[in-house]
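What follows is a short report on a single structure.
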Amino acid sequence: MTFNLREGVYTAETDYGVVLLDEAHNQYWTLNPSAAIALRTLLDGGTEADAAQTLTEEYTVDMDTAHRDVRELVGGLNSAGLAEGNTGDGAKESTECPPQRPTRRRAHGRWPRIPGRQPRNSR
């Protein structure tokens, strides 16, 4: 099974990454450029491993961090109800339920940015 966005969820390219528009719930999410690259890889039929490899080729990031970031992206998309299917990583498939809400670990600017919320000032 491949990774897909749920029906009614659309992508829009921006200068700063990708915006996901959820027509059914009138919500949107912004993805930074690295999350956008990972998402494009997944939507093109790639696995989480493929997306992590693409990230290591585009950015100065180690493979473990890239894998963790891709897993967090997929988990966030699933828990927000934006995605369906899996990423084809048979070894990583599990029967665990994704968390009901995306984690709050977003002050560092990673996906997703919740509408109406600003990241904390790190000064």
Side-chain angles (χ1 to χ4, degrees):
M1 185 182 252
T2 60
F3 182 86
N4 293 304
L5 294 176
R6 179 181 47 76
E7 187 175 328
V9 176
Y10 303 96
T11 61
E13 299 286 327
T14 69
D15 291 338
Y16 305 104
V18 168
V19 174
L20 298 177
L21 307 166
D22 183 356
E23 185 178 67
H25 297 101
N26 294 323
Q27 294 179 324
Y28 71 93
W29 287 262
T30 59
L31 278 67
N32 64 25
S34 60
I37 288 171
L39 179 64
R40 279 188 218 105
T41 302
L42 296 170
L43 292 175
D44 288 342
T47 64
E48 287 185 14
D50 296 331
Q53 180 63 41
T54 302
L55 287 175
T56 62
E57 293 167 0
E58 291 287 326
Y59 296 98
T60 306
V61 62
D62 62 276
M63 187 61 81
D64 289 337
T65 301
H67 275 289
R68 185 190 71 225
D69 290 348
V70 172
R71 281 192 306 271
E72 286 180 9
L73 172 66
V74 170
L77 291 170
N78 284 325
S79 66
L82 299 173
E84 57 189 21
N86 65 40
T87 56
D89 286 348
K92 295 302 282 180
E93 286 184 42
S94 93
T95 58
E96 290 182 36
C97 294
Q100 293 300 313
R101 297 173 28 169
T103 60
R104 292 281 179 198
R105 200 178 130 218
R106 288 187 201 86
H108 51 73
R110 291 190 182 165
W111 179 91
R113 293 183 193 254
I114 299 173
R117 293 192 38 129
Q118 297 291 324
R120 289 184 183 165
N121 190 351
S122 60
R123 292 185 216 182

Practice task
Would you indicate whether the side-chain heavy atoms of Tyr10 and Leu5 approach each other to under 4.5 Å?
Solution key: no

Handout entry: Interatomic distance, Glu84 atom CD to Leu77 atom CG [nearest 0.5 angstrom]
Key = 12.0 Å

Handout entry: Taking every non-hydrogen atom, the tightest pair across Ala51 and Ala38
Key = CB-O, 3.9 Å

Practice task
Identify which one of Thr30, Thr11, Ile37 satisfies the side chain to side chain contact (heavy atoms under 4.5 Å, CB included) criterion when paired with Val18.
Solution key: Thr11

Problem - Side chain proximity check, Leu20 to Leu39, heavy atoms < 4.5 angstrom - result: yes

Practice task
Taking the side chain as every heavy atom from C-beta outward, state whether Phe3 and Leu43 have any atom pair closer than 4.5 Å.
Solution key: yes

Exercise for the section: Tell me, please, which residues at least two apart from Ser34 pass side chain to side chain donor-acceptor pair (under 3.5 Å). Expected result: Asn32

Handout entry: CG on Leu31 to CZ on Arg40, rounded to 0.5 Å
Key = 9.5 Å

Problem - Pairing residues for Glu7 by the salt bridge (charged side-chain N to carboxylate O under 4.0 Å, His left out) criterion, not counting sequence neighbours - result: none

Exercise for the section: Decide whether Thr47 and Asp50 meet the rule of one side-chain donor and one side-chain acceptor closer than 3.5 Å. Expected result: yes

Handout entry: Tyr59 side, atom OH; Thr65 side, atom OG1 - distance, nearest 0.5 Å
Key = 14.5 Å

Completion exercise
Separation between CD (Gln53) and NE2 (His67), nearest 0.5 Å, reads 8.0 Å

Practice task
State whether the side chain of Asp69 and the backbone N or O of Ala66 hold a donor-acceptor pair below 3.5 Å, judged by distance alone.
Solution key: no

Completion exercise
On a heavy-atom basis, the closest approach of Val70 and Ala52 is CG2-N, 3.8 Å

